[in-house]
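In what follows, a single structure is set out as C-alpha coordinates and then discussed.
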Amino acid sequence: MSRIITVGAAQLGPIQKAEPRSSSVARMVRLLERAHKRGVELVVFPELALTTFFPRHYHEDAAEADSWFETAMPSNETAPLFDAARRYGTGFHLGYAEIAHEADETGVVRPRRFNTSILVGPEGDVLLKYRKVHLPGHAEFDPKRVVQHLEKRYFEVGNLGFPVIRAPMGGLNGINMGMMICNDRRWPEAWRVLGLQSVELVALGYNTPSLNMEAGGFEAHHLRVFHSHLSIQAGCYQNACFAVATAKAGIEDGAELFGHSIIVNPQGEIVAMASTWDDELITADCDLDLCTLGRTTIFAFDKHRRPEAYGRITEQVGAVEPVEWKKPAGR
Ligand code: CDT
(Lines give C-alpha, C1' and ligand atoms only; values in the text may rest on other atoms or scores of the structure.)
Protein backbone atom coordinates (compact mmCIF):
# COMPACT_ATOMS: atom_id res chain seq x y z
CA MET A 1 0.00 0.00 0.00
CA SER A 2 1.44 3.38 -0.95
CA ARG A 3 2.27 5.92 1.71
CA ILE A 4 0.80 9.21 0.57
CA ILE A 5 0.75 12.44 2.55
CA THR A 6 -0.77 15.68 1.29
CA VAL A 7 1.49 18.58 2.19
CA GLY A 8 1.21 22.35 1.88
CA ALA A 9 3.74 25.16 1.71
CA ALA A 10 2.00 28.12 3.33
CA GLN A 11 3.93 31.06 1.95
CA LEU A 12 3.50 34.33 3.83
CA GLY A 13 3.45 37.72 2.18
CA PRO A 14 5.37 40.46 3.96
CA ILE A 15 4.98 41.04 7.69
CA GLN A 16 5.79 44.68 8.35
CA LYS A 17 7.73 45.78 11.44
CA ALA A 18 4.62 47.15 13.16
CA GLU A 19 2.45 44.08 12.49
CA PRO A 20 1.68 42.34 15.80
CA ARG A 21 1.92 38.59 16.30
CA SER A 22 -1.86 38.43 16.72
CA SER A 23 -2.14 39.44 13.06
CA SER A 24 0.54 37.10 11.65
CA VAL A 25 -0.90 34.22 13.69
CA ALA A 26 -4.42 35.01 12.39
CA ARG A 27 -3.06 34.92 8.82
CA MET A 28 -1.48 31.53 9.51
CA VAL A 29 -4.67 30.16 11.06
CA ARG A 30 -6.53 31.19 7.88
CA LEU A 31 -3.94 29.30 5.83
CA LEU A 32 -4.41 26.25 8.09
CA GLU A 33 -8.17 26.46 7.47
CA ARG A 34 -7.63 26.61 3.71
CA ALA A 35 -5.18 23.74 3.97
CA HIS A 36 -7.70 21.64 5.88
CA LYS A 37 -10.38 22.27 3.21
CA ARG A 38 -7.93 21.00 0.58
CA GLY A 39 -7.12 17.85 2.54
CA VAL A 40 -3.62 18.94 3.54
CA GLU A 41 -2.15 16.95 6.44
CA LEU A 42 1.06 18.92 7.04
CA VAL A 43 1.55 22.67 6.56
CA VAL A 44 5.01 24.24 6.42
CA PHE A 45 5.33 27.93 7.40
CA PRO A 46 8.45 30.03 6.75
CA GLU A 47 11.53 30.89 8.83
CA LEU A 48 10.83 33.53 11.55
CA ALA A 49 7.17 33.36 10.57
CA LEU A 50 5.71 35.37 13.44
CA THR A 51 7.38 38.73 12.75
CA THR A 52 9.17 40.75 10.14
CA PHE A 53 12.62 39.40 9.23
CA PHE A 54 14.10 41.48 12.06
CA PRO A 55 17.82 40.68 11.43
CA ARG A 56 17.65 43.47 8.86
CA HIS A 57 17.22 45.92 11.78
CA TYR A 58 20.20 47.00 13.89
CA HIS A 59 19.91 47.22 17.67
CA GLU A 60 22.98 48.54 19.45
CA ASP A 61 22.37 46.23 22.40
CA ALA A 62 21.41 42.79 21.06
CA ALA A 63 19.13 42.33 24.10
CA GLU A 64 17.02 45.26 22.79
CA ALA A 65 15.92 42.88 20.05
CA ASP A 66 14.31 40.56 22.61
CA SER A 67 10.82 41.70 21.68
CA TRP A 68 11.23 39.71 18.43
CA PHE A 69 11.86 36.48 20.37
CA GLU A 70 9.54 33.87 21.92
CA THR A 71 10.18 32.76 25.48
CA ALA A 72 7.56 29.98 25.36
CA MET A 73 6.07 27.79 22.64
CA PRO A 74 3.12 27.66 22.62
CA SER A 75 2.44 31.06 24.17
CA ASN A 76 -0.84 32.93 24.54
CA GLU A 77 -0.17 34.53 21.15
CA THR A 78 0.76 31.33 19.30
CA ALA A 79 -1.80 29.04 20.98
CA PRO A 80 -4.36 29.58 18.14
CA LEU A 81 -1.98 27.74 15.77
CA PHE A 82 -1.84 24.73 18.07
CA ASP A 83 -5.62 24.85 18.59
CA ALA A 84 -6.14 24.88 14.81
CA ALA A 85 -3.75 21.94 14.38
CA ARG A 86 -5.77 19.92 16.89
CA ARG A 87 -9.12 21.03 15.42
CA TYR A 88 -8.17 20.00 11.89
CA GLY A 89 -5.78 17.14 12.71
CA THR A 90 -3.18 18.99 10.63
CA GLY A 91 0.50 19.02 11.57
CA PHE A 92 2.59 22.13 10.99
CA HIS A 93 6.12 23.43 10.89
CA LEU A 94 6.86 26.87 12.32
CA GLY A 95 10.00 29.00 12.32
CA TYR A 96 10.50 31.54 15.13
CA ALA A 97 13.15 33.30 17.19
CA GLU A 98 13.70 31.48 20.48
CA ILE A 99 15.16 32.57 23.81
CA ALA A 100 16.02 29.54 25.92
CA HIS A 101 17.42 29.67 29.45
CA GLU A 102 19.98 26.94 29.05
CA ALA A 103 23.49 25.99 30.07
CA ASP A 104 26.14 26.95 27.54
CA GLU A 105 29.27 24.89 26.78
CA THR A 106 30.90 26.24 29.99
CA GLY A 107 27.94 25.07 32.07
CA VAL A 108 26.60 28.59 32.77
CA VAL A 109 22.83 28.89 32.52
CA ARG A 110 21.98 32.09 30.62
CA PRO A 111 19.51 33.33 28.04
CA ARG A 112 20.48 31.88 24.67
CA ARG A 113 18.99 33.07 21.39
CA PHE A 114 18.43 30.78 18.43
CA ASN A 115 16.76 30.86 15.01
CA THR A 116 14.51 27.86 15.63
CA SER A 117 11.87 25.71 13.97
CA ILE A 118 9.50 23.13 15.38
CA LEU A 119 7.46 20.32 13.94
CA VAL A 120 4.02 20.04 15.53
CA GLY A 121 1.94 16.88 15.17
CA PRO A 122 -1.77 16.60 14.34
CA GLU A 123 -2.61 16.45 18.05
CA GLY A 124 -0.73 19.66 18.79
CA ASP A 125 2.42 18.06 20.28
CA VAL A 126 5.87 19.46 19.53
CA LEU A 127 7.51 16.44 17.88
CA LEU A 128 10.90 17.90 16.99
CA LYS A 129 12.93 21.09 17.40
CA TYR A 130 15.78 22.34 15.21
CA ARG A 131 18.05 25.37 15.68
CA LYS A 132 19.63 26.95 12.59
CA VAL A 133 23.24 25.91 12.10
CA HIS A 134 24.33 28.04 9.12
CA LEU A 135 23.86 31.67 10.15
CA PRO A 136 24.56 34.01 7.23
CA GLY A 137 25.34 37.72 7.32
CA HIS A 138 27.37 39.65 9.89
CA ALA A 139 27.45 40.63 13.57
CA GLU A 140 28.22 44.36 13.37
CA PHE A 141 26.41 47.20 11.58
CA ASP A 142 27.78 47.40 8.04
CA PRO A 143 27.53 50.96 6.67
CA LYS A 144 28.16 49.70 3.11
CA ARG A 145 24.96 47.66 3.10
CA VAL A 146 21.64 49.25 2.23
CA VAL A 147 19.93 46.42 4.14
CA GLN A 148 21.59 44.73 7.09
CA HIS A 149 21.61 40.96 7.64
CA LEU A 150 22.48 40.61 11.34
CA GLU A 151 21.80 36.93 12.02
CA LYS A 152 25.32 36.53 13.43
CA ARG A 153 24.53 39.32 15.92
CA TYR A 154 21.23 38.03 17.21
CA PHE A 155 21.58 34.23 17.12
CA GLU A 156 23.94 31.57 18.39
CA VAL A 157 24.81 28.66 16.11
CA GLY A 158 22.24 25.91 16.61
CA ASN A 159 23.29 23.20 19.05
CA LEU A 160 20.88 20.38 18.16
CA GLY A 161 22.61 19.08 15.02
CA PHE A 162 20.27 18.06 12.19
CA PRO A 163 17.83 15.69 13.90
CA VAL A 164 15.34 13.42 12.15
CA ILE A 165 12.33 11.85 13.80
CA ARG A 166 9.85 9.21 12.70
CA ALA A 167 6.69 11.17 13.31
CA PRO A 168 2.99 10.40 13.08
CA MET A 169 1.60 12.71 10.41
CA GLY A 170 -1.61 12.60 8.42
CA GLY A 171 -2.97 9.09 8.14
CA LEU A 172 0.51 7.59 8.34
CA ASN A 173 2.03 6.01 11.42
CA GLY A 174 5.47 7.33 10.75
CA ILE A 175 7.25 9.65 8.35
CA ASN A 176 10.98 10.30 8.71
CA MET A 177 11.06 14.05 9.03
CA GLY A 178 13.83 16.60 9.40
CA MET A 179 14.17 20.36 9.19
CA MET A 180 16.47 23.01 7.76
CA ILE A 181 16.29 26.76 8.00
CA CYS A 182 16.95 29.00 5.02
CA ASN A 183 20.72 29.27 4.43
CA ASP A 184 21.15 25.61 5.51
CA ARG A 185 19.61 24.58 2.18
CA ARG A 186 22.70 25.75 0.33
CA TRP A 187 25.00 23.33 2.22
CA PRO A 188 25.10 19.74 0.91
CA GLU A 189 26.55 18.60 4.24
CA ALA A 190 23.26 19.50 5.96
CA TRP A 191 21.22 17.49 3.46
CA ARG A 192 23.53 14.51 3.76
CA VAL A 193 23.34 14.45 7.56
CA LEU A 194 19.55 14.25 7.18
CA GLY A 195 19.91 11.68 4.38
CA LEU A 196 22.08 9.52 6.63
CA GLN A 197 19.09 9.31 9.01
CA SER A 198 16.80 8.11 6.18
CA VAL A 199 14.89 11.37 6.00
CA GLU A 200 11.83 11.20 3.75
CA LEU A 201 10.47 14.72 4.09
CA VAL A 202 12.38 17.92 4.86
CA ALA A 203 10.49 20.97 6.12
CA LEU A 204 12.35 24.15 5.31
CA GLY A 205 11.45 27.81 5.83
CA TYR A 206 13.28 30.78 4.34
CA ASN A 207 13.51 34.57 4.07
CA THR A 208 15.77 35.40 1.15
CA PRO A 209 16.34 38.96 -0.06
CA SER A 210 16.11 39.50 -3.81
CA LEU A 211 19.28 41.57 -3.69
CA ASN A 212 22.63 40.12 -2.71
CA MET A 213 24.25 42.89 -0.69
CA GLU A 214 27.49 40.94 -0.57
CA ALA A 215 27.74 41.05 -4.37
CA GLY A 216 28.09 44.83 -4.18
CA GLY A 217 24.32 45.12 -4.41
CA PHE A 218 23.69 43.26 -7.65
CA GLU A 219 23.20 39.70 -8.73
CA ALA A 220 20.61 38.98 -11.41
CA HIS A 221 17.21 38.31 -9.79
CA HIS A 222 16.62 35.10 -11.71
CA LEU A 223 19.89 33.67 -10.37
CA ARG A 224 18.81 34.31 -6.77
CA VAL A 225 15.73 32.13 -7.32
CA PHE A 226 17.65 29.64 -9.47
CA HIS A 227 20.28 29.04 -6.77
CA SER A 228 17.63 28.54 -4.12
CA HIS A 229 15.77 26.00 -6.23
CA LEU A 230 18.96 24.35 -7.47
CA SER A 231 20.10 23.72 -3.88
CA ILE A 232 16.77 22.24 -2.80
CA GLN A 233 16.31 20.13 -5.92
CA ALA A 234 19.87 18.76 -5.64
CA GLY A 235 19.42 18.05 -1.92
CA CYS A 236 16.23 16.09 -2.57
CA TYR A 237 17.67 14.11 -5.48
CA GLN A 238 20.96 13.24 -3.76
CA ASN A 239 19.22 12.15 -0.56
CA ALA A 240 16.09 10.64 -2.11
CA CYS A 241 13.63 12.75 -0.13
CA PHE A 242 10.84 15.28 -0.52
CA ALA A 243 11.13 18.90 0.61
CA VAL A 244 8.52 21.50 1.36
CA ALA A 245 10.35 24.81 1.12
CA THR A 246 8.34 27.84 2.17
CA ALA A 247 9.27 31.49 1.79
CA LYS A 248 8.30 34.81 3.18
CA ALA A 249 7.70 36.98 0.10
CA GLY A 250 7.24 40.54 -1.06
CA ILE A 251 8.37 43.94 0.13
CA GLU A 252 8.88 43.86 3.88
CA ASP A 253 10.08 47.02 5.65
CA GLY A 254 11.14 48.28 2.20
CA ALA A 255 13.29 45.20 1.39
CA GLU A 256 12.24 42.61 -1.19
CA LEU A 257 12.06 38.86 -0.40
CA PHE A 258 11.78 36.68 -3.48
CA GLY A 259 9.23 34.05 -2.48
CA HIS A 260 9.03 31.20 -5.03
CA SER A 261 8.15 28.55 -2.42
CA ILE A 262 8.37 25.03 -3.82
CA ILE A 263 7.57 21.39 -3.12
CA VAL A 264 10.19 19.00 -4.54
CA ASN A 265 10.12 15.22 -5.04
CA PRO A 266 12.99 12.71 -4.62
CA GLN A 267 13.79 12.97 -8.34
CA GLY A 268 14.59 16.62 -7.72
CA GLU A 269 11.52 17.79 -9.66
CA ILE A 270 9.48 20.79 -8.56
CA VAL A 271 5.91 19.53 -8.18
CA ALA A 272 4.34 22.80 -6.97
CA MET A 273 5.51 26.42 -6.92
CA ALA A 274 4.08 29.64 -5.52
CA SER A 275 3.44 32.39 -8.03
CA THR A 276 2.57 35.40 -5.85
CA TRP A 277 4.32 37.50 -3.22
CA ASP A 278 1.37 37.11 -0.90
CA ASP A 279 -0.07 34.62 1.58
CA GLU A 280 -0.43 31.61 -0.72
CA LEU A 281 -0.95 27.90 -0.18
CA ILE A 282 0.56 25.41 -2.62
CA THR A 283 -0.04 21.71 -2.15
CA ALA A 284 1.11 18.31 -3.38
CA ASP A 285 0.37 14.66 -2.75
CA CYS A 286 3.68 13.05 -1.81
CA ASP A 287 4.01 9.31 -2.22
CA LEU A 288 6.82 8.51 0.21
CA ASP A 289 7.49 5.22 -1.56
CA LEU A 290 9.11 7.33 -4.29
CA CYS A 291 12.04 7.70 -1.88
CA THR A 292 12.88 4.02 -2.33
CA LEU A 293 14.27 4.17 -5.87
CA GLY A 294 17.11 6.59 -5.11
CA ARG A 295 18.02 5.10 -1.79
CA THR A 296 18.21 1.52 -3.11
CA THR A 297 20.06 2.31 -6.35
CA ILE A 298 22.39 5.22 -7.15
CA PHE A 299 22.27 6.64 -3.61
CA ALA A 300 22.31 3.34 -1.68
CA PHE A 301 24.61 4.89 0.92
CA ASP A 302 25.55 1.60 2.59
CA LYS A 303 26.87 0.23 -0.71
CA HIS A 304 28.52 3.22 -2.32
CA ARG A 305 29.60 5.92 0.17
CA ARG A 306 33.33 6.23 0.89
CA PRO A 307 33.65 8.16 4.17
CA GLU A 308 37.37 7.33 4.34
CA ALA A 309 37.82 9.76 1.45
CA TYR A 310 35.69 12.52 2.98
CA GLY A 311 37.85 13.47 5.99
CA ARG A 312 38.20 17.09 4.91
CA ILE A 313 34.45 17.59 5.21
CA THR A 314 34.61 17.47 9.01
CA GLU A 315 38.31 18.23 9.66
CA GLN A 316 38.47 21.49 7.75
CA VAL A 317 36.36 24.67 7.65
CA GLY A 318 37.91 26.93 4.99
CA ALA A 319 39.43 25.76 1.72
CA VAL A 320 43.20 25.24 1.46
CA GLU A 321 45.27 25.80 -1.67
CA PRO A 322 46.28 22.65 -3.57
CA VAL A 323 49.86 21.50 -4.00
CA GLU A 324 51.33 23.19 -7.07
CA TRP A 325 52.28 20.92 -9.96
CA LYS A 326 55.99 21.04 -10.78
CA LYS A 327 57.67 19.56 -13.81
CA PRO A 328 59.64 16.47 -12.68
CA ALA A 329 63.41 17.08 -12.70
CA GLY A 330 65.12 16.00 -15.92
CA ARG A 331 62.11 16.45 -18.21
N1 CDT B 1 17.57 33.91 6.09
C2 CDT B 1 18.63 33.48 5.39
O3 CDT B 1 19.35 32.58 5.81
N4 CDT B 1 18.84 34.07 4.19
C5 CDT B 1 20.00 33.82 3.39
C6 CDT B 1 20.39 35.05 2.68
C7 CDT B 1 21.64 35.51 3.17
S8 CDT B 1 22.20 36.97 2.44
C9 CDT B 1 23.26 37.53 3.67
C10 CDT B 1 19.85 32.72 2.37
O11 CDT B 1 20.79 31.94 2.19
O12 CDT B 1 18.84 32.65 1.68
Side-chain angles (χ1 to χ4, degrees), residues 9 11-15 17 24 44-58 65 68-69 93-98 113-117 130-158 160 162 179-191 202-236 243-262 264 273-274 277:
Q11 179 173 288
L12 290 174
I15 301 176
K17 202 174 175 187
S24 54
V44 175
F45 293 114
E47 173 191 33
L48 301 176
L50 298 167
T51 65
T52 194
F53 185 71
F54 68 87
R56 71 167 72 85
H57 299 298
Y58 177 74
W68 301 114
F69 284 76
H93 160 281
L94 178 73
Y96 65 99
E98 176 193 19
R113 297 168 180 81
F114 298 100
N115 186 341
T116 295
S117 59
Y130 167 66
R131 290 169 172 164
K132 187 174 184 177
V133 168
H134 297 100
L135 297 175
H138 45 109
E140 298 305 326
F141 183 83
D142 180 352
K144 292 197 290 299
R145 295 177 69 113
V146 183
V147 182
Q148 304 295 304
H149 196 110
L150 292 155
E151 287 196 60
K152 282 186 161 59
R153 183 176 191 80
Y154 297 130
F155 303 119
E156 290 185 53
V157 172
L160 302 176
F162 289 97
M179 291 178 272
M180 274 185 199
I181 302 180
C182 196
N183 189 262
D184 290 324
R185 73 195 186 285
R186 305 185 194 272
W187 298 94
E189 297 90 334
W191 288 96
V202 176
L204 190 173
Y206 63 98
N207 281 271
T208 303
S210 299
L211 288 179
N212 180 356
M213 293 291 155
E214 270 147 27
F218 181 74
E219 183 180 51
H221 275 49
H222 73 280
L223 293 180
R224 299 285 284 166
V225 175
F226 171 66
H227 292 152
S228 176
H229 288 181
L230 178 70
S231 304
I232 298 164
Q233 291 177 256
C236 286
V244 184
T246 309
K248 188 111 72 55
I251 299 181
E252 197 179 75
D253 302 342
E256 187 181 290
L257 300 168
F258 65 56
H260 283 81
S261 304
I262 49 174
V264 176
M273 179 160 69
W277 277 5

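Remember, it's 1-based here, ligands and their atoms both numbered in the order they're listed.
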Item to complete: Determine whether the aromatic ring centres of Phe155 and Phe69 lie less than 6.0 Å apart.
Response: yes
Worksheet item: Quick one: are the ring centres of Phe258 and Phe226 less than 6.0 Å apart?
Response: no
Worksheet item: Is a side-chain donor-acceptor pair under 3.5 Å present for Glu140 with His138?
Response: no
Practice prompt. Indicate yes or no for a side-chain donor-acceptor contact from Glu252 to the backbone of Ile15 under 3.5 Å, with no hydrogens or angles considered.
Written response: yes
Worksheet item: Is there a donor-acceptor pair under 3.5 Å between the side chain of Ser24 and the backbone N or O of Leu50?
Response: yes
Short list, please: which atoms of ligand 1 are under 4.0 Å from a heavy atom of [X]?
X      : answer
Asn207 : 1 (N), 2 (C), 4 (N)
Pro136 : 2 (C), 3 (O), 5 (C), 7 (C)
Phe53  : 1 (N)
Glu47  : 1 (N)

Practice prompt. Looking only at distances, please establish whether an N/O atom of ligand 1 is found under 3.5 Å from an N/O atom of Arg145.
Written response: no
Around [atom], find the nearest protein heavy atom and jot down its residue, atom name and distance.
atom                    : result
atom 12 (O) of ligand 1 : Thr208 OG1, 2.7 Å
atom 8 (S) of ligand 1  : His149 ND1, 4.0 Å
atom 10 (C) of ligand 1 : Arg186 NH2, 3.4 Å
atom 2 (C) of ligand 1  : Cys182 SG, 2.7 Å

Location of contacts on [X] toward ligand 1, heavy atoms closer than 4.0 Å:
X      : result
Arg185 : side chain
Tyr206 : neither
Lys132 : side chain

Practice prompt. Check Ser210 against His221 and note the closest heavy-atom contact, atom names and distance.
Written response: CB-NE2, 3.9 Å
Discussion item. Show the nearest heavy-atom pair for residues Pro46 and Lys248, with the distance to one decimal.
Written reply: CB-N, 3.9 Å
Response to the item:
Value for CZ (Arg56) from NZ (Lys17), rounded to nearest 0.5 Å, stands at 10.0 Å
Worksheet item: Taking side chain as C-beta onward, heavy atoms only, is Tyr154 less than 4.5 Å from Phe54?
Response: yes
Fill in: Sub-4.0 Å heavy-atom contact, Glu151 with ligand 1
yes
